[in-house]
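First up is the structure itself, then whatever we jot down about it.
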Amino acid sequence: MQRVLLRRRGSAVDITEHSDDGSAAATRIPVEELPAVVAEREAAPAPVRWVWDDTTRWYPALLAAGARVERCTDLRLSHVLLRRSPFADQALLVGGDTAGWDALQPVAAADPALFPPADPADLLDPAAEHRRQQAALAASPRRDRLALLLAAESAGALVAAEMTYTGLPWRADVHERLLTALLGPRPVAGGRPAVLERLLGEIRAALGAPLLNPDSPAELLRALQQAGLPVADTRSWSLAQLDHPVIPALLEYKKLMRLLTANGWSWLETWVQEGRFRSSFLPGGVVTGRWASTGGGALSVPTLIRPAAVADDGWRFVVADVAQLEPRVLAGMSADTAMAEAARASDLYEGMVAGGAVASRAEAKLGILGAMYGGTRGESGRMMPRLTRRYPRAIGLVEEAARAGERGEVVHTLLGRGAPSPTGAWAQRAVELGEPAEQAGSRGDRDRARRAWGRFTRNFVVQGTGAEWALCWMADLRNRLWRLGGAGSPAERPHLAFFLHDEVVVHAPEHLADDVVEVVRAAASTAGRLLFGAFPVDFPLDVAVVRSWADAG
DNA sequence: CGTACAGGTCTA
DNA sequence: TATCTAGACCTGTACG
């Protein structure tokens with residue numbers, strides 16, 4: 001496939017075409033002409049892969065100018081993956097500006113200018129970096145998987161930019177009605193809404209503390225203890241265990257205060273414009289390969305306010321999520337046929353019950369979560385021997401990942417994303433967490449930190465491979481949605497509008513909703529085959545065609 | 001007066 | 001004798 005490398009040169013762009021025969025041809029164009037050049041090239045029959053330093057620096061402006069890109073190589077994201085992968089020869093990756101690539105950060109989506117001034121990326125040579133990456137890939141003992149990972153990560157970067165561009169349809173009027181119904185009318189600057197004010201009065205009266213500010217955990221804890229309640233913190237879950245007249249009002253107050261501060265009127269003003277909630281997603285933003293987000297708390301939008309996410313008139317949301325993604329991924333990557341058999345059921349936990357591994361669904365869930373998170377105590381710990389007997393390969397894989405982490409070894413996902421080395425800052429953090437300063441250095445604390453790192457590596461291999469499945473799913477889905485046809489930009493055709501680790505929201509014209517359901521499922525099958533080949537592990541989806549996000553699931 | 005951390009709550 | 005993975009982001013509070 002033809003690769004076309006883009007490089008900024010002041011107010012111009014250098015375009016270098018790399019043909020399969022190794023020849024290269026370069027042209028220089030003014031930056032204003034780039035969208036037209038890209039659009040023309042994308043419309044031509046020969047497929048092309050754009051190679052650029054960083055999608056966040058190129059794609060938002062292209063989208064704004066009406067140019068959509070089918071494929072790219074994001075050198076920044078690829079660099080991070082290769083630098084940490086145990087299957088990339090680091091000697092091949094090191095060049096003059098490696099430190100610059102190591103340090104390169106994505107830019108915020110807020111600025112749509114194609115060329116931010118004084119960008120550190122301008123000091124880097126993308127052609128040289130691309131050559132190094134291709135060399136490392138060619139020499140890798142896991143070349144195919146690593147190449148798939150780089151392609152999927154780059155496709156994710158395109159998806160992320162497009163989701164910020166299109167936004168998630170959001171009805172401010174619905175959101176405001178919801179706030180008013182729960183909190184009362186919007187208060188004038190500074191005041192508490194009426195409902196909170198009333199609850200505050202009840203709380204103060206019930207505790208005999210007329211000046212209490214329940215927003216201060218320390219103050220609240222003292223007041224509760226003075227009222228004779230045996231409580232060590234003010235978490236809702238702890239308070240719910242208590243029997244005292246103040247508790248219902250206090251729990252309601254905490255819930256509504258959270259709504260007000262996290263997703264109240266000021267959230268609405270800040271993050272919703274022109275009927276769209278626009279946040280920015282950061283592919284690869286989490287060490288495991290999951291996406292992070294910045295702005296508006298996109299990855300923790302409470303279900304309480306999801307009724308305000310409403311498809312446009314004549315459009316629908318197609319909401320799809322994978323039930324029990326991570327245990328299915330674990331079955332696939334360990335080639336555990338017994339667990340894959342359980343995964344044939346649409347509810348994997350019920351499949352485990354049917355297979356005779358455990359007595360109840362609750363036990364199955366507890367046991368699997370314990371296996372993936374490293375819970376060794378309590379009920380999930382007691383489940384482990386039975387699970388190990390029944391699913392030796394699956395349990396063996398996570399146990400080995402935990403032991404490797406405890407030994408200080410580096411673990412990796414199925415496609416070759418490497419975990420951080422335990423000598424890095426992350427291990428320091430684990431040490432600090434397990435080690436109160438006054439007892440620093442004791443053997444027990446070191447053991448605790450080692451086990452904490454083992455839990456991290458145990459979870460890393462599963463969560464990280466789950467993230468790879470989701471990336472492959474979205475990358476394939478994005479292309480299938482585009483091929484459903486229509487005209488215009490992604491916003492005017494069926495498009496991905498939101499992504500939450502194992503769930504996607506597609507915004508589509510109503511008459512195409514059934515087609516979207518079909519391609520969402522087809523893309524899930526493709527992702528399973530890409531990762532696990534012929535090994536028979538299913539990824540059944542829960543799919544709903546709805547007007548509001550809240551109506552799904 | 002601005003920054004850093006603690007405590008809490010939301011997500012998968 | 002016990003909640004264990006990954007995050008974002010809010011308020012209150014301590015600190016320099």
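Keep in mind it's a predicted model, so treat the numbers as computed, not measured. Numbered from 1 within each chain, the chains take letters A, B, ... in sequence-line order.
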**OP:** List the steps and the verdict of side-chain contact (heavy atoms from CB on, under 4.5 Å) for A:Leu82 and A:Leu150.
**Re:** CA-CA 9 Å; A:Leu82 290 169; A:Leu150 299 191; 4.1 Å; yes

**OP:** Step by step, work out the ring pair (Phe, Tyr, Trp, His ring centres under 6.0 Å) result for A:Trp473 and A:Phe499.
**Re:** CA-CA 11 Å; A:Trp473 181 35; A:Phe499 169 58; 7.5 Å; no

**OP:** Check the pair A:Leu500, A:Trp291 against side-chain contact (heavy atoms from CB on, under 4.5 Å), reporting the backbone distance first and the verdict last.
**Re:** CA-CA 8 Å; A:Leu500 266 180; A:Trp291 288 16; over 6 Å; no

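Considering only heavy atoms from C-beta on, A:Leu366 stays 4.5 Å or farther from A:Val358 through its side chain. Residues A:Thr234 and A:Lys254 meet the side-chain proximity criterion, which asks for heavy atoms closer than 4.5 Å.
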For nucleotides 1-4 of chain B, give me every protein contact, N/O to N/O, under 3.5 Å, one pair per line with atom names.
none

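Separating the NZ atom of A:Lys365 from the C1' atom of C:dT3 is a distance of 14 Å, rounded to the nearest angstrom. Atom CD1 of A:Ile368 and atom C1' of C:dC4 are 14 Å apart (whole Å). Computed from coordinates, the A:Arg451 CZ to C:dT3 P distance equals 16 Å when rounded to whole Å. At whole-Å resolution of the value, CD in A:Gln463 and P in B:dT11 are 17 Å apart. Residue A:Phe281 contributes atom CZ, which lies 21 Å from atom P of C:dA6 at whole-angstrom precision. One can place CD of A:Gln324 at 21 Å from P of C:dT5, the figure rounded to the nearest angstrom. The CG atom of A:Asn263 sits 20 Å away from the P atom of B:dG8 (whole-angstrom rounding). Atom P of nucleotide C:dA6 and atom CH2 of A:Trp291 are separated by 21 Å, given to the nearest angstrom.
Between C:dT5, C:dA6, B:dA12, one nucleotide has an atom nearer to the side chain of A:Arg306 than all others, and that is B:dA12. Closest to the side chain of A:Ala292, from the set C:dA6, C:dC4, C:dA8, is C:dA8.
If you check residues 224-250 of chain A against DNA chain B, the residues with a heavy atom closer than 4.0 Å are A:Asp233, A:Thr234, A:Arg235, A:Ser236, listed by number. Interface residues of residues 500-508 of chain A facing DNA chain B, ordered by number: A:Leu500, A:His501, A:Asp502; criterion, heavy-atom separation under 4.0 Å.
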What pairs of donor and acceptor atoms, side-chain ones from residues 166-182 of chain A against any protein atom, are under 3.5 angstrom apart with sequence neighbours left out?
{"unit_1": "A:Thr166", "atom_1": "OG1", "unit_2": "A:Glu162", "atom_2": "O", "d": "3.2"}
{"unit_1": "A:Trp170", "atom_1": "NE1", "unit_2": "A:His175", "atom_2": "ND1", "d": "3.1"}
{"unit_1": "A:Arg171", "atom_1": "NE", "unit_2": "A:Asp173", "atom_2": "OD1", "d": "2.8"}
{"unit_1": "A:Arg171", "atom_1": "NE", "unit_2": "A:Asp173", "atom_2": "OD2", "d": "3.4"}
{"unit_1": "A:Arg171", "atom_1": "NH2", "unit_2": "A:Asp173", "atom_2": "OD2", "d": "3.0"}
{"unit_1": "A:His175", "atom_1": "NE2", "unit_2": "A:Asn263", "atom_2": "O", "d": "2.9"}
{"unit_1": "A:Thr180", "atom_1": "OG1", "unit_2": "A:Glu176", "atom_2": "O", "d": "2.9"}

Subject >> Where protein sits on nucleotides 9-16 of chain C, one letter per nucleotide: B base, S sugar-phosphate only, - none, heavy atoms under 4.0 Å >> reply: SSSSS---

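Once the 5.5 Å centre distance and the 30° plane angle are applied, the aromatic ring of A:Tyr373 is found not to be stacked with the base of C:dC4.
Using a cutoff of 4.0 Å between basic side-chain nitrogens and carboxylate oxygens, A:Glu400 and A:Arg407 are scored as salt-bridged. Ion pairing between a basic and an acidic side chain is recognised when a charged N comes within 4.0 Å of a carboxylate O; A:Arg186 and A:Glu269 show such pairing.
In terms of modelled atom types and a separation under 3.5 Å, the side chain of A:Asn213 and the main chain of A:Asp215 share a donor-acceptor contact.
No engagement by A:Val462 is indicated, since no non-hydrogen atom pair under 4.0 Å with the nucleic acid exists.
Nucleotides C:dC4 and B:dG8 are separated by 16 Å at their P atoms, to the nearest Å. The C1' atoms of C:dA2 and B:dC10 are separated by 24 Å, rounded to the nearest whole Å.
Using a 4.0 Å cut-off, some side-chain N or O of A:Lys254 falls inside it from OP1 or OP2 of B:dT9. In this structure, A:Thr303 reaches the B:dT11 phosphate: one of its side-chain N or O atoms is under 4.0 Å from OP1 or OP2. Within the 4.0 Å cut-off from OP1 or OP2 of C:dA6, not a single side-chain nitrogen or oxygen of A:Arg290 is found.
Applying the salt bridge (charged side-chain N to carboxylate O under 4.0 Å, His left out) test to A:Arg393 and every residue at least two apart in sequence or in another chain returns nothing.
Minimum heavy-atom separation, A:Ala404 to A:Val411: CB-CG1, 3.9 Å. Across A:Thr465 and A:Met333, no two heavy atoms sit closer than the pair OG1-CE, 3.2 Å. The nearest pair of heavy atoms linking A:Tyr391 to A:Met352 is OH-CG, 3.3 Å.
Atom CZ of A:Arg306 and atom OG1 of A:Thr303 lie 6.0 Å apart (nearest 0.5 Å).
Classification of the A:His507-A:Phe317 ring pair by plane angle, with boundaries at 30° and 60°, yields tilted.
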